[in-house]
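One structure below.
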Amino acid sequence: MITEITNFITEVNDVLWSTVLLFALCGAGVFFTVRLRFIQLRKFKDAWRVLFRRHEDGKKDGEMTPVQALATAVAAQVGTGNLAGAATAIVSGGPGAIFWMWVSAFFGMATVYAEATLAQKFRREEHGEITGGPAYYIREAFGGAFGKILAGVFAVCCCCALGFTGIMVQANSIGSAFSGIFEKYALPVPALAVGAVVALAAGAIFFGGTRRLAKAVVRIVPLMALVYIVGSVILIAANAAALPEAVRMIFVGAFDPQAAMGGALGVTVREAIRYGVARGLFSNEAGMGSTPHAHARAAVKNPNRQGLIAMLSVFIDTFVILNLTVFVILTSGALKFGEGAARLTGIDLTQAAFDSLFTGFGGVFVAVCLFFFAFSTILGWHFFGAVNFAYLTRGRWVKLYSAVVLACVVAGTLLKVECVWQLADFFNGLMVLPNLLALVVLSKTVSDISKGRYVDLPKN
């Protein structure tokens, strides 16, 4: 029975992620890029200025500083996809897939601007604190019973996609990475111990509320990024002579995959586009409706400011962190195509790339980075799911929700059930549809906000 359900969901996901969502997400990105007059280029410098500008004090309960909101968004975006997703895209779609990953991220910056500004515009004070997200602006976009139903569908899918199944996927990545290290060094550490440690650390933050989460991510995210950046830059610098060839493979492979790898690559341009765009969107989450929950809580004077800051999260995720993984793999020589070649993929390929320089230590380095990346994503996704659980239950039983999420963390480190993985993709896909519909319906509001014609944030 489980096998039949898994096969059915897999078929649905193939349609969703191979066609429907690729066109919908990319189309939304192009639409907002044109409507907002390439805001990701025009206002890129302004976004950095706004981020580091001194912001007003006196935050209400549930609010974050703009930097904390950005850190929470990045915490959720920078996960296992930045280590394993890039490798999978290269193997499945060739180096040219990375070009299309860049394209999708560029347009995604406009989409995430729209999400963040609407989350700010329609946020509310409920259950004693400021809150907001797609469920709130979906309800405003359509109104009436239809708006409530569509918002409810989004909230349920978000709880399932991020709070339960998605967190199991992230926890399993931690468990798998450390299990491999423990086996390599013959250390008798059971998977349950790894799950318990992760759950205890996460629980200490889960039950501390928004303020503890904000303080935690603003420390964890810069640290994990710095560690990974330093390690990656050292490896890339050591293989600097291979950089021109890596760049050539990306640009040539985007339009002629066979030429990029000397005819040894059995993929087409269509596959390069498919895997590049899909992996890119899955990594930066632009248009999926997850990160607006963080941006809704930023204490800023108007929605436009947080919209600009939100664009930086996609830039950091894709053009900084994910790109480092790409060039580590392409310059290290770990990528092999052709008959008889050792075809590594996912996290194994990334570990092999780091092992090429840090012999014997590369796997440990990647496992440690993976822990921080996945753990920060667990924190972000729990928070996003909790916002929607509170929306559905009117603020009740949120601690019970957190306890169930912790159980999922432990289960995720112990099990690898393909059905859970497919369910995570399935609910992620279902989140996108009502979110994009609301973004398009409210696109005039987004445009007005970008031009300075905004309505002040609610004072209630």
(Q) Quick test of your reading: applying side chain to side chain donor-acceptor pair (under 3.5 Å), list the pairs with at least one residue in residues 97-110, sequence neighbours left out, ordered by first then second residue. (A) W102-N323
Q | Side-chain H-bond candidate by donor/acceptor type, S313 with Q77, under 3.5 Å | A | yes
Q: Just jot down the ring pair (Phe, Tyr, Trp, His ring centres under 6.0 Å) partners of F373, sequence neighbours excluded, or say none.
A: Y228
Q: Quick one: sort the F361 and F365 rings into parallel, tilted or perpendicular, breaks at 30° and 60°.
A: tilted
Q: Sequence neighbours left out, what passes ring pair (Phe, Tyr, Trp, His ring centres under 6.0 Å) with F107? Give chain and number order.
A: none
(Q) Once ring pair (Phe, Tyr, Trp, His ring centres under 6.0 Å) is applied, do any residues pair with F372, and if so which ones, sequence neighbours excluded? (A) none
Q.
Are F206 and F383 an aromatic pair, judged by ring center distance below 6.0 Å?
A. no
Q: Taking the six-membered ring for Trp and the full ring for Phe, Tyr or His, determine whether the centres of F251 and F99 are under 6.0 Å apart.
A: yes
Q. When the ring planes of Y401 and H382 are compared, do they come out parallel, tilted or perpendicular, using 30° and 60° as the limits?
A. parallel
**Q.** side-chain contact (heavy atoms from CB on, under 4.5 Å) involving V409 - partner list, sequence neighbours excluded
**A.** I167, A171, V198, A199, I378
Q.
Please confirm whether the ring centroid of F164 lies under 6.0 Å from the ring centroid of F427.
A. no
Q: Take the angle between the ring planes of F371 and F375 and call it parallel below 30°, perpendicular above 60°, tilted in between.
A: parallel
Q) So which pairs with a foot in residues 20-45 pass salt bridge (charged side-chain N to carboxylate O under 4.0 Å, His left out), sequence neighbours left out? A) K43-D46
Q.
Regarding T131 and R123, do their side chains bring together a donor and an acceptor under 3.5 Å, going by distance alone?
A. no
